[in-house]
A.B. asks: 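Please see the structure below; I have some questions.
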Amino acid sequence: MAVGVLIRTPKIEIESKVIERAKREGKAIALYPTLKFSCLIAKRFRAELVESVDEYDLEEVIEGVPVFVKFRAVGSRFCGGDKGFEEFDFPVKEPERFFPRWIKVKEDLSGEFGYL
């Protein structure tokens, strides 16, 4: 899901050890917050150090390190059970409304995002 014009830029907090590691390795930080619509609504988050990013919704520079955010909204055709989960990009009319207000990244590249 591409987010065209964003209404807001999220507050991004990345632990200093991640910033230091990215600088030392000469890499950027890619953040992947995902909002999943299934039987329930779930949030998933992934972060990684990368050489480059092909697609992103937002680029920031934090302490000299490029940080790319790629937000997705996905749906699931089934709610688990024997069939498991079959994900698909969830059509959202106003994706900027679902873009996170804040993102936090921990030293181990785990993290979270939210809306309040």
Side-chain angles (χ1 to χ4, degrees):
M1 169 178 83
V3 178
V5 178
L6 295 176
I7 292 174
R8 64 183 174 270
T9 300
K11 178 180 179 186
I12 300 174
E13 293 181 18
I14 301 176
E15 287 192 6
S16 61
K17 289 189 178 186
V18 176
I19 298 288
E20 292 167 11
R21 181 177 162 202
K23 285 180 180 179
R24 187 173 57 250
E25 295 178 14
K27 294 187 176 180
I29 301 171
L31 309 178
Y32 302 98
T34 302
L35 196 57
K36 183 175 181 177
F37 296 92
S38 184
C39 298
L40 301 170
I41 297 174
K43 296 186 301 182
R44 286 195 266 154
F45 179 81
R46 180 171 58 92
E48 60 187 10
L49 299 181
V50 296
E51 298 290 331
S52 64
V53 175
D54 293 330
E55 294 182 30
Y56 57 89
D57 298 311
L58 176 70
E59 178 182 4
E60 291 279 316
V61 176
I62 299 176
E63 296 182 35
V65 176
V67 177
F68 299 93
V69 180
K70 177 63 178 168
F71 175 73
R72 286 183 66 210
V74 298
S76 177
R77 297 196 196 285
F78 308 106
C79 294
D82 294 338
K83 294 185 179 184
F85 291 98
E86 182 183 335
E87 284 187 359
F88 60 92
D89 284 325
F90 196 78
V92 177
K93 290 185 180 183
E94 297 178 50
E96 65 277 1
R97 293 183 61 205
F98 294 92
F99 204 82
R101 290 185 185 262
W102 56 266
I103 301 172
K104 293 181 182 177
V105 182
K106 299 177 185 174
E107 178 181 340
D108 63 357
L109 294 178
S110 67
E112 59 185 331
F113 64 96
Y115 296 94
L116 297 176

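Counting from 1, the numbers follow the sequence of the chain as shown. Here the structure is a predicted model, which means the values were calculated and not measured.
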A.B. asks: Would you please classify the geometry between the F113 ring and the F45 ring as parallel, tilted or perpendicular, with 30° and 60° separating the classes?
C.D. replies: tilted
A.B. asks: Rounded to the nearest 0.5 Å, what's the gap from NZ on K70 to CG on D54? Could you check?
C.D. replies: 10.5 Å
A.B. asks: Which atoms form the tightest heavy-atom contact between F71 and F98, and what is the distance?
C.D. replies: CZ-O, 3.3 Å
A.B. asks: Do L49 and V105 share a hydrophobic cluster (ILVMFWY, side-chain heavy atoms under 4.5 Å, transitive)?
C.D. replies: yes
A.B. asks: With side chains defined as the heavy atoms from C-beta onward, is the minimum distance between L31 and V69 less than 4.5 Å?
C.D. replies: yes
A.B. asks: Hey, can you pull the donor-acceptor pairs under 3.5 Å for the side chains in residues 17-28, sequence neighbours left out?
C.D. replies:
| residue | atom | partner | partner atom | Å |
| --- | --- | --- | --- | --- |
| R21 | NE | E25 | OE2 | 3.1 |
| K23 | NZ | E63 | O | 3.0 |

A.B. asks: Within a radius of less than 6.0 Å around NZ of K11, do more than 12 heavy atoms belonging to other residues, nucleotides or ligands occur?
C.D. replies: no
A.B. asks: Going by side chain to side chain donor-acceptor pair (under 3.5 Å), name the residues that satisfy it together with D108, two or more places apart in sequence or in a different chain.
C.D. replies: S110
A.B. asks: Are the side chains of P66 and E59 in touch, meaning some heavy atoms are under 4.5 Å apart?
C.D. replies: yes
A.B. asks: Show your working on side-chain contact (heavy atoms from CB on, under 4.5 Å) between E55 and F68 and close with a plain yes or no.
C.D. replies: CA-CA 9 Å; E55 294 182 30; F68 299 93; over 6 Å; no
A.B. asks: Is it the case that one hydrophobic cluster holds both I41 and F99, taking links as side-chain heavy atoms less than 4.5 Å apart, direct or via other members?
C.D. replies: yes
A.B. asks: Show your working on side-chain contact (heavy atoms from CB on, under 4.5 Å) between L35 and V74 and close with a plain yes or no.
C.D. replies: CA-CA 6 Å; L35 196 57; V74 298; over 6 Å; no
A.B. asks: Y115 and P100: which non-hydrogen atoms are nearest, and at how many Å?
C.D. replies: CE2-CA, 3.7 Å
A.B. asks: Please say which of I62, V61, L58, V53 ends up in a side chain to side chain contact (heavy atoms under 4.5 Å, CB included) with V67.
C.D. replies: I62
A.B. asks: Nearest 0.5 Å, please: how far is CD1 in I14 from NZ in K104?
C.D. replies: 13.0 Å
